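Take a look at the structure set out below.
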Amino acid sequence: MAMASTSSSSLPIPLSTPSHDPSNKTQKVSLFTISPPPSPSLKTPSIRSRLSKLCQEGQPHLARQLFDSFPRPTTVICNTIIIGFICNSLPLEAILFYSKLKSSSLGTKFDSYTYSSTLKACAETRSLKIGKAIHCHLIRCLSNPSRIVYNSLLNMYSSCLSNVGCLSYFDYSKYDLVHKVFVTMRKRDVVAWNTMVSWYVKTGRYVEAIRLFRVMMKMGIKPSPVSFVNVFPAFSSAGDLKNAYVLYGMLAKMGSEYVNDLFVVSSVIFMFGELGHIDFARKVFDHCLEKNTEIWNTMIGGYVQNNFLVEGIDLFLKAVETEHTVLDDVTFLSALTAVSQLQCLDLAQQLHGFVIKNLAIFPMMIMNAIIVMYSRCNSVHTSFEVFEKMVERDVVSWNTMISAFIQNGMDDEGLMLVHEMQNQGCAIDSVTVTALLSAASNLRSQEIGKQTYAYILRHGIQFEGMDGYLIDMYAKCGLIRLSQRIFERSNVNNRDQATWNAMIAGYTQHGLVEAAFCYL
DNA sequence: CTAGGGTTAG
């Protein structure tokens, strides 16, 4: 949530944040805190302050109704409503309000505030088309867009384009709207650079992200704590350990404001964890005096990711014991994952009991993770007990339980559950398909294999490594010719290792050693 | 008015 301040407030909006609090770096509260204090001498508060008060109280719709009674609303009043919607997590309403104003005959002029806020709403709702339209509006209607409007444009394009799901197919170097906006900017502040760095990281261009960070510093722009949070993942993803340490050294020299920023601390821990330097991550963790839930989670998760499972559980227990430490779903998820990998039923039962005692509600994710845990600890029956007791199930729950059965040699139970899943109106997806293919292999069932393949074709299901699964399944079912056909149909230039391995293994299983040799 | 970290199935 963008609005969350560094303090761990449970409110989505820091309404109660006093304006004089020096630790409060969030500028966004200013809208509300600027409004005049409720003094008895003030008989009729200004219209704008009445509107912001309503928004502040979580009633942006009432503010909107009040707005409708004004014959000639000013720009500032319009902005108040738009921002009020956004602050109350109603970005779509903000966009709708903007478009109504745009097409109305009121003739209200928009300023930089209007555009930056509405663009934020577009970013949050990933509305690329509307964002583009607003981009056109502001080019036509805003004579002197502020730096912040450009920053909002960068953010809007970056948010809307990074979720298209076609990152690998999209040639960003040739057609990059974010970059296009960036180069048109005459003056670029640290926010613009940060947004660019984060955009390069999002699109997998880690080396370029690091380069951009360097260029920013060469231009004499002082990195902010956010700059570090944005660029650190580039070092871990690029596997650039040496420079990760160099940058950490630089961060340390920036002063306490940087080193003590909780976002910064957690991203440092995450980076060194990803790079496999978990001991250094732990040093940073221990050095941090005021730990929030996310810092604990990052450290525990780092241990689990690096297969330091006992250390992970240990730290989890330490978090449990530490006073004033709030555990959340993510903390439990990491612990559940650790126990799944330790495959220790005794621990699993203890953790399960602990979860039940400590959570008022049981999120689906936690329940799914518990199912996995019992299945890995060789207790599929307990998994199924948990599964059956669930009031609601999502596709992950079904897939988890189905895979649990099939991985534990209970293929028939898995297959029954696939039928049940469909009866309950949950559609088979690529994960269900992999489970079905495994079942077909396990049972050497040509029929299940062929049915599954037909389903894949009918529904146009595609996923990473699908050819390998299919080749393997047909080979196990004694249909090496069909394996061969899948192999030949698979993209010659883009064949991955798993596809090759499956084909070679298939030939070998069928005693076709010579054919296998051809591919070695 | 703009930018920020941790998460389950195969």
Side-chain angles (χ1 to χ4, degrees), chain A residues 1-2 4 6 25 27-28 30-31 76 79-80 82-83 86-87 111-121 123 146-156 158-159 189-199 201 224-233 261-271 273 292-302 304-305 328-337 340 363-373 375-376 394-404 406-407 429-438 463-466 469:
Chain A
M1 184 70 207
T6 42
K25 281 170 279 178
Q27 300 272 312
K28 292 154 199 163
S30 61
L31 171 76
V76 177
N79 294 346
T80 307
I82 293 177
I83 296 160
I86 295 175
C87 291
D111 65 2
S112 288
Y113 289 72
T114 325
Y115 288 108
S116 57
S117 325
T118 314
L119 286 168
K120 182 188 170 70
S146 72
R147 188 170 30 75
I148 291 175
V149 169
Y150 281 103
N151 289 346
S152 307
L153 272 174
L154 289 177
N155 180 45
M156 185 276 293
S158 156
S159 305
D189 63 4
V190 69
V191 174
W193 286 94
N194 289 350
T195 311
M196 273 319 278
V197 168
S198 118
W199 168 240
V201 171
S224 69
V226 178
S227 313
F228 287 94
V229 173
N230 282 336
V231 81
F232 278 147
D261 184 302
L262 296 185
F263 279 81
V264 170
V265 171
S266 115
S267 56
V268 168
I269 295 171
F270 183 75
M271 172 175 69
N292 64 5
T293 308
E294 280 165 348
I295 289 180
W296 280 98
N297 290 348
T298 310
M299 193 63 235
I300 297 170
V304 178
Q305 290 289 313
D328 69 0
D329 306 355
V330 181
T331 330
F332 286 110
L333 275 177
S334 292
L336 290 165
T337 310
S340 303
M364 202 96 75
M365 263 190 195
I366 295 285
M367 297 314 286
N368 296 343
I370 291 175
I371 296 173
V372 175
M373 178 177 71
S375 145
R376 292 278 160 78
D394 63 2
V395 67
V396 179
S397 319
W398 287 101
N399 285 337
T400 304
M401 196 58 238
I402 290 164
S403 308
I406 292 173
Q407 279 163 16
D429 71 357
S430 62
V431 179
T432 329
V433 162
T434 54
L436 281 169
L437 293 175
S438 309
F463 56 92
E464 182 102 348
M466 185 176 78
Y469 279 103

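Below, chain A is the first sequence line, B the second, and so on; all start at residue 1. Just so we're clear, the structure is a prediction, and the values are computed from it rather than from any experiment.
Set against dG4(B), dT8(B), dG5(B), the side chain of Ser266(A) has dG5(B) as its closest nucleotide. With dA9(B), dT8(B), dT2(B) as the choices, the nucleotide that has an atom nearest any side-chain atom of Met365(A) turns out to be dT8(B). You'll find that the side chain of Asn368(A) is closest to dT8(B), out of dG5(B), dG10(B), dT8(B). Comparing dG4(B), dA3(B), dA9(B) by their nearest atom to the side chain of Ser224(A) picks out dA3(B). When the nucleotides dA9(B), dC1(B), dG4(B) are ranked by their closest atom to the side chain of Val226(A), dG4(B) comes out on top. When distances run from any side-chain atom of Ser116(A) to the nucleotides dT2(B), dA9(B), dC1(B), the shortest one goes to dC1(B). Listed nucleotides dG6(B), dA9(B), dG4(B) differ in distance to Glu294(A); the shortest reach to its side chain belongs to dG6(B). Of the listed nucleotides (dA3(B), dG6(B), dG10(B)), dA3(B) has the atom at the smallest distance from the side chain of Asn194(A). Among the nucleotides dG4(B), dG5(B), dC1(B), the one closest to the side chain of Ser117(A) is dC1(B). The side chain of Val191(A) lies closest to dA3(B), out of dG5(B), dG6(B), dA3(B).
Using modelled atom types, one finds a donor on one side chain and an acceptor on the other under 3.5 Å when comparing Asp394(A) with Ser397(A). Judged purely by distance below 3.5 Å, without hydrogens or angles, the side chains of Ser158(A) and Asn155(A) never pair a donor atom with an acceptor atom. Side-chain contact, Asn194(A) with Ser224(A): a donor N or O sits under 3.5 Å from an acceptor N or O.
No engagement by Asp329(A) is indicated, since no non-hydrogen atom pair under 4.0 Å with the nucleic acid exists. At the heavy-atom level, Val431(A) lies under 4.0 Å from base atoms of the strands shown. In this structure, Ser403(A) reaches the sugar-phosphate backbone alone: every heavy-atom distance under 4.0 Å involves primed, P, OP1 or OP2 atoms, never a base.
In this structure, the CD atom of Gln305(A) is 6 Å from the P atom of dT7(B), given to the nearest Å. Here dA9(B) presents its C1' atom at 15 Å from CE of Met373(A), a figure rounded to the nearest Å. For the pair Phe463(A) CZ and dA9(B) P, the computed distance is 17 Å after rounding to whole Å. Atom CZ of Phe263(A) is separated from atom P of dA3(B) by 12 Å (rounded to the nearest Å). In this structure, the CZ atom of Phe232(A) is 11 Å from the C1' atom of dG5(B), given to the nearest Å. If you measure from atom CD1 of Ile371(A) to atom P of dG10(B), you get 12 Å, rounded to the nearest angstrom. Across the protein-nucleic acid pair, Ile295(A) atom CD1 and dT7(B) atom C1' stand 17 Å apart, rounded to whole Å. Spacing between atom CG of Asp261(A) and atom P of dG6(B) amounts to 14 Å, rounded to whole angstrom units.
Between Phe463(A) and Thr434(A), the shortest heavy-atom distance links the atoms CE1-CG2, 3.3 Å.
The shortest distance between the side-chain N/O atoms of Arg147(A) and the OP1/OP2 oxygens of dA3(B) is not below 4.0 Å. At least one side-chain nitrogen or oxygen of Asn155(A) sits closer than 4.0 Å to the OP1 or OP2 atom of dA3(B). For Lys120(A) and dC1(B), the shortest distance from a side-chain N or O to OP1 or OP2 is not below 4.0 Å.
Checked against side chain to side chain contact (heavy atoms under 4.5 Å, CB included), Ser438(A) has the following partners two or more places apart in sequence or in another chain: Ile406(A).
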Stepwise side chain to side chain donor-acceptor pair (under 3.5 Å) check, Thr331(A) with Asp328(A):
CA-CA 5 Å; Thr331(A) 330; Asp328(A) 69 0; 3.0 Å; yes

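No donor-acceptor contact under 3.5 Å links the side chain of Asn297(A) to the base of dG5(B).
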